[in-house]
There are 2 protein chains.
Amino acid sequence: MARVTIVEDDPLMREELIDILQKAGYEVAAIADFQDIVAQIATLAPDLVLLDINLPGQSGFEICKSLKSQGTGPILILTSRDKLQDELHGLDLGADDYLTKPCNRDRLLARIQNLLRRFEGRPGLINGGSFFLDPNTFTLYKGSQSIVLSANEGKILLTLVQHRPEIVSKSALRELLWGTDQYIDENALQVNLTRLRKTLRQLNLEDQIETIRGQGYRLRGR
Amino acid sequence: MARVTIVEDDPLMREELIDILQKAGYEVAAIADFQDIVAQIATLAPDLVLLDINLPGQSGFEICKSLKSQGTGPILILTSRDKLQDELHGLDLGADDYLTKPCNRDRLLARIQNLLRRFEGRPGLINGGSFFLDPNTFTLYKGSQSIVLSANEGKILLTLVQHRPEIVSKSALRELLWGTDQYIDENALQVNLTRLRKTLRQLNLEDQIETIRGQGYRLRGR
DNA sequence: TTTTTCCTTACGCCATTTGTAAGTGTTTCT
DNA sequence: AGAAACACTTACAAATGGCGTAAGGAAAAA
């Protein structure tokens, strides 16, 4: 069953949530120490985070923002305040859903289930700024379009994305493609880059890869 | 700006929604003819669908289900009924958010903006029950794994998904692969199905395709 | 201009995909 | 049980696409 992490400072409310979720069959973890919450959640690596807004110290909004910039799973914001402003703010920071407490038990479970389903099995796509890349198959997504890169093109683009916006040396790329830096025709890498750029052009992603003369390549953006 | 399609039968409500969204800068289209709604939406290809539940003829739930099996963008369900059951049902069918009307203007816009941001640039993957399928490249996702199907395997799986859980006749599949039903070696289709099943086994998706003797094939689930 | 670095295009080899063929297994009907 | 219809599997050859190699052109630096 899915793992859910609860971030809620009110002990009573926390226990009740734990109870509800456990009875629903979830593997529940609750944050007890309200310092370094983001790090704790990262370690727990839950499938979903149930996040209260009014917390001692760090605001729930901050946590939400931090988690989302790391590409975590779904976040369900839970707060006692019934202010519309909170909802707007929460959603604005990238929360995936929002509920006011006290909340209906069935509604809570339904929303959790829905969020989990929406994220379940969803590919761990890597955000490349103006596109997404599947690191397994090298399927490249932009808008409603998608194409599959060949193995070499995919490997190159993936490392460029992972190092964005830093420069990746030609030496590193040769190592990536052929396991070694030496005894490789200098031109082989060039050709592969030309091919990659040509493929990117199909999705209107021209001028994404920048050449740094004498040093290597880098991806624009960020 | 993003394109939004409104599906709402009450003219007053519809005009108000159109007004709100247009003033917010969206490119708005509204369904006027309430027949073949799904086909109309598919043609419009909006970035988001605002979907009322109580409609003349086809239920909003049906439309939601159909759209989701085609890999459309986000769907925001809008209904006057304040029944929890509706919400549960709507979310269960894969709607991405839910609001009861009359709804606050700012809240509506915030939810729309949030949905659009969450889906922006994200691939329109089709939910196949226990997997996801990219209809363009035929990249198949299950959990953290993914593989790219060959053209024939992809076409077959895609139509099976789109018709799930109904039976797809062999004749229809032959038409799909070769454009015609006649003069095709009966065996050719079999071979392609064997290959597809073998590929699916790589992702532990055995026994997904069921053979209905004398009629065709169908995908399990739903 | 000369030199260095990078880009582009074309060619041939190799792997993957696909239709064809042939044989085996399974269900249904008499 | 036997036969016929239907479905599945494996193997092989042609077509397709990816890849390294080669050679020449373009652009930047000296």
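Lettering follows sequence order; numbering is per chain, from 1.
Between Trp178(A) and dG20(D) there is a side-chain polar atom (N or O) within less than 4.0 angstrom of OP1 or OP2. Distances shorter than 4.0 Å separate some side-chain N or O of Asn192(B) from OP1 or OP2 on dG19(C). Between dC8(D) and Thr211(B), a contact under 4.0 Å exists linking OP1 or OP2 to a side-chain N or O.
For the pair Ile156(A) CD1 and dC6(C) P, the computed distance is 14 Å after rounding to whole Å. Atom NZ of Lys155(B) is separated from atom P of dT18(C) by 8 Å (rounded to the nearest Å). Here dT27(C) presents its P atom at 16 Å from CD of Gln215(B), a figure rounded to the nearest Å. Atom-to-atom, CD of Glu186(A) to P of dC7(C) comes out at 10 Å; the value is rounded to the nearest Å. Following rounding to the nearest Å, Leu149(B) (CG) and dT16(C) (C1') show an atom-to-atom distance of 14 Å. In this structure, the CD1 atom of Ile212(B) is 17 Å from the C1' atom of dA5(D), given to the nearest Å. Atom CG in Leu189(B) sits roughly 10 Å away from atom P in dG19(C) (whole-Å rounding). Spacing between atom CG of Leu177(A) and atom P of dC19(D) amounts to 9 Å, rounded to whole angstrom units.
The pair Asp96(B)-Lys68(B) meets the salt-bridge criterion, with a side-chain N (NZ, NE, NH1 or NH2) lying under 4.0 Å from an Asp/Glu carboxylate O.
Picking from dA21(C), dC8(D), dT18(C) the nucleotide with the shortest atom distance to the side chain of Arg195(B) gives dT18(C). Counting only heavy atoms from C-beta on, Val191(A) has its side chain closest to dA22(D) among dT17(C), dA22(D), dC19(D). Closest approach to the Thr194(A) side chain among dT18(C), dC8(D), dT9(C) is made by dT9(C) (side chain taken as heavy atoms from C-beta onward).
Taking 3.5 Å as the limit, the base of dA7(D) and the side chain of Asn187(B) contain no donor-acceptor pair of atoms between them. Taking only distance into account, the side chain of Arg213(A) meets the base of dT4(C) through a donor-acceptor pair shorter than 3.5 Å.
Along DNA chain D, the nucleotide nearest Ser150(A) and the nucleotide nearest Tyr217(B) are compared for position; the residue whose nucleotide lies closer to the 5' end is Tyr217(B). The residue among Lys198(B) and Lys170(B) whose nearest nucleotide of DNA chain D lies closer to the 5′ end is Lys170(B).
Between Thr159(B) and Val168(B), the closest heavy-atom pair is O-CG2, 4.2 Å. When all heavy atoms of Leu219(A) and Gly128(A) are compared, the pair lying nearest together is CD2-O, 4.4 Å.
Contact annotation: the side chain of Leu160(A) approaches that of Tyr217(A) to within less than 4.5 Å [non-hydrogen atoms, C-beta and beyond]. Residues Leu140(A) and Leu200(A) have side chains in contact (heavy-atom distance under 4.5 Å, counting atoms from C-beta outward).
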